[in-house]
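For reference, the structure discussed in these notes is given below.
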Amino acid sequence: MEKTFQPAQFEDALYKEWEEKGLFTADNTSKKKPFSIILPPPNANADLHLGHAMYVYEDIMIRYHKLMGYETLWLPGADHAGFETQFVFEKHLAKQKKSRFDYDRKTLYKMIWDFVHENRDKMENQLRKLGFSLDWSRRKFTLDEDTVAIVLNTFKKLHDEGYVYRANRLVNYCTHCGTSFSDLEVSDKEVEGKLYYIDFPLTDGKGSLTIATTRPETLLGDVAVMVHPADPRYKDHIGKTVTLPIVGRTIPIIADEYVDPEFGTGAVKVTPNHDFNDFAIAKKHNLNHPPVIGFDGRMKNTGTEFDGKKVGPAREGIVERLKTDGLLKEIKDHHMVVKTCYKCGRTLEPLPLEQWYVKVRPLADRALASIEKGDVTFNTPAFKNRAVEWLTNFHDWNISRQIVWGIQIPAYRCISKNEWFVSVEPPSKCAICSECTFEQDTDTFDTWFSSAQWPFTTLKTTQPGDFDFFYSTSVMETGYDILPWWVCRMLMIGLYATDAVPFKSVYLHGLVRDIKGQKMSKSKGNVINPLETIEKYGCDALRASLVFEVGDGADQRLYDDKIRAMRNFANKIWNIGRFLEMNKTPPPPGTPLERGESGTSEAMLKALKKEYEDVKIEYHKNMKASKFSAGFGVAYEFLWHRFADFYIEALKQDLKDGNISTYQALEEVYLDSLRLLHPFVPFVTDAVYKQFCGKCILET
RNA sequence: GGACUCGUAGCUCAGUUGGCUAGAGCGUUGCAUUGACAUUGCAAAGGUCACAGGUUCAAGUCCUGUCGGGUCCACCA
């Protein structure tokens, strides 16, 4: 063995050897019991970060089960990550002073395609750097033709069976990113805003009604003023009309219990197309007015000079105008929450738009039942509760996105009758009037709609027999932060499409933070790059530090000292091997040892074996209970502080004397303990193991 | 407003169903060792396990409350 421990010198070669020997390749005709995990497909738009390194928990499970005699499959993939990728790509375009508007749909798609494939190769090599025992012969991409076909079929099935419908509702729309979102992609932001008190003159000339609003610009699209039916202040106003400032339209004063008399003046304006609550109220009272804000974020349909102005300047202008007209009573500071785009951070605009929705309730109920029955289990009760809470409260899911990068929705509109039909294959003629030149929906699916199907779109398209042998998969391991986005939706859609749970258990891990507990981000400059860390300390050190003394599913802080400590452990593993190798010396001629007689060490060797047996029991107990940190801790403590510090130190002289039975006993325990540690620190354990056995650990 | 989670040595954290003098890594102090490893070994200092009650033969561990940190969801004209 080399004198010094230098992981960078053997890791890549060892990984290559594992791959070439087919140690990660699954056999779906095996007689062994299956154990399968689908890798959460990383977005093919950037380098891997520490979050991806947390997939080490999957590698631990896979390697452990392989060593325990299971037929394992860990299936790698990449996600096209629709909106996320388009967003990243637009940033690249911006650097070249270009934008998505400079290209037609096809060109833009092709450009992103090339960008993604370049990134995908890089990303996959980074997964190799992490030592992950992925079956590369089965790698998949969410835009592979065969997986896309399955996604389209699922959509059609959902549609035909009434679980997907098209509706014109208000959506959360980002006028900068140019797309709508589901409820989950909306992030709340607290801001110090203003509350404007505005007089709406009564049409009969007898005074005015003061309303309070945070969005004066939307008054151009108002259809009513609303008060609480029991509010004594406004009892006489109900049924009268007011004249809308600036535009001069006459609108009614209506009553609805929705109004909170305590807030503002107790009188509220109703703008059907730009506020979710008002939308519902206006529908109830059968009132409407065209939208006054467009998808470009500019005012329209107001018949005023504000048409064409962006919302912000329009608000300022309108406030000025109200002041001039003497209708602005007061402006108060108002602490409020605005819904913003989770990606670009700009304020979202509620706008009316026709979209495809998944009717979530029946699907979620089935998912809840599967959890209830225990068909799916969670690694902690808290995560189970959170999943149940989400599944109980899900709203219908908007799956339409106004972006080009993704799977175009297989829905077609009959132009002459303005009706929609769904068809997996591009139809040759209109299915409704059979004459018109119908057109396909330009929208693409929410990425999560295809991700939600990933466990079966992959297994149904890798190798014949894979689905039958490996589905339902054994574990879904991912970060708890995407429980609602991904895990819950996989459960819902998986149950619907395959009549079986997509995974039998869910293992959620926590977030990796910096030493102060802050989220890592480029702007804060506190990012630990996994690849640089591997370069510096070795892959095993990084992997071990993400597992060592970490609570189940808990967030953790990662820092250089911890990684170094784990590198030291890897070094220890290496040097124990070196020491044993150096002491594999025959006993001097003519001594009792040469005749094979055991020395004084017999009792100690017996104690060692006993202790090791106990350690193994403890280790397997933890591993089987998915207490990986504890399992690692047990093996760590034993090898370093018992085996090396205590037994080797005590038997050192005996070993140097050439006591072959001492040597053999130590070697046996050492090599076996390498197998316990292998799932956590695969490189160093295998590098040493090969020196002694000539084979890789997973080969034996 | 609803829910979850955490508060254990200077720092970062483990502590499984309540059970012997409360553990680890890093850091600190002393000693040793330069023929496995200074990426080492031995030893030491350091904690009234946030606080206050309660259950129990026994509580860091269970229950209630308080304080403090974090997270998620809902509402907000």
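Every chain is numbered from 1 and lettered A, B, ... according to where its sequence line falls, protein lines coming before strand lines.
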**Request:** Please state whether the base of A14(B) and the side chain of Q556(A) form at least one donor-acceptor pair under 3.5 Å?
**Result:**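 Side chain to base: no pair present.
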**Prompt:** Do K572(A) and C37(B) share a donor-acceptor pair, side chain to base, under 3.5 Å?
**Reply:**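 It does, because a donor-acceptor pair links the side chain of K572(A) to the base of C37(B) below 3.5 Å.
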**Asked** By a strict heavy-atom criterion of less than 4.0 Å, which residues belonging to residues 217-233 of chain A are in contact with RNA chain B?
**Response**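 Under 4.0 Å from RNA chain B: no residue of residues 217-233 of chain A.
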**Item:** Presence of K656(A) side-chain N/O under 4.0 Å of A36(B) phosphate oxygens OP1/OP2
**Value:** yes
**Request:** Indicate whether OP1 or OP2 belonging to U40(B) is found under 4.0 Å from a side-chain N or O atom of N571(A).
**Result:**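 False: N571(A) side-chain N/O out of range (4.0 Å or more) of U40(B) OP1/OP2.
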Quick one: sort the [X] and [Y] rings into parallel, tilted or perpendicular, breaks at 30° and 60°.
| X | Y | result |
| --- | --- | --- |
| F643(A) | Y670(A) | parallel |
| Y619(A) | F680(A) | perpendicular |
| H237(A) | Y234(A) | perpendicular |

**Asked** Do you know which of D278(A), D275(A), D222(A) makes side-chain hydrogen bond (donor to acceptor under 3.5 Å, both in side chains) with K269(A)?
**Response** D222(A)
**Message:** Measuring only between side-chain heavy atoms, which start at C-beta, is F383(A) closer than 4.5 Å to Y507(A)?
**Reply:** no
Across the strands shown, which category fits [X] at heavy-atom distances under 4.0 angstrom: base, sugar-phosphate, nothing?
| X | result |
| --- | --- |
| E637(A) | nothing |
| W390(A) | sugar-phosphate |
| H274(A) | nothing |

**Prompt:** Between R557(A) and D514(A), is there a side-chain N and carboxylate O pair less than 4.0 Å apart?
**Reply:**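 Answer for the salt bridge query: no.
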**Request:** Check whether the aromatic ring of F548(A) stacks on the base of G25(B), taking stacking as ring centres less than 5.5 Å apart and planes within 30° of each other.
**Result:** no
Expressed in whole Å, how much space separates the [atom1] atoms belonging to [N] and [M]?
| N | M | atom1 | value |
| --- | --- | --- | --- |
| G60(B) | G53(B) | P | 14 Å |
| U16(B) | G23(B) | P | 14 Å |
| G7(B) | C63(B) | P | 14 Å |
| G2(B) | U66(B) | P | 12 Å |
| A22(B) | A9(B) | C1' | 10 Å |
| G70(B) | A32(B) | C1' | 45 Å |
| G54(B) | G30(B) | P | 46 Å |
| C4(B) | U64(B) | P | 10 Å |

**Message:** Tell me whether the NZ or CZ atom of R386(A) lies within the 45° cone about the ring axis of Y480(A) and under 6.0 Å from its centre.
**Reply:**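 Yes, R386(A) sits over the ring of Y480(A).
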**Message:** What does the 5'-to-3' dot-bracket notation of RNA chain B look like when only Watson-Crick and G-U wobble pairs under 3.5 Å count, and pairs to other strands show as |?
**Reply:** (((((((..((((.....[...)))).((((((....).))))).....(((((..]....))))))))))))....
**Message:** Is it the case that over 12 heavy atoms from other parts of the model lie below 6.0 angstrom from the CD atom of E535(A)?
**Reply:**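 Atom CD in E535(A) is not packed in, count stays at 12 or less.
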**Message:** Once side-chain hydrogen bond (donor to acceptor under 3.5 Å, both in side chains) is applied, do any residues pair with K343(A), and if so which ones, sequence neighbours excluded?
**Reply:**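 So K343(A) forms a side-chain hydrogen bond (donor to acceptor under 3.5 Å, both in side chains) with E84(A).
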**Fill in**
Ranking G41(B), A24(B), C72(B) by distance to the side chain of D645(A), first place goes to G41(B)
**Item:** Residue F263(A), side-chain atoms from C-beta onward, closest of C26(B), A77(B), A3(B)
**Value:** A77(B)
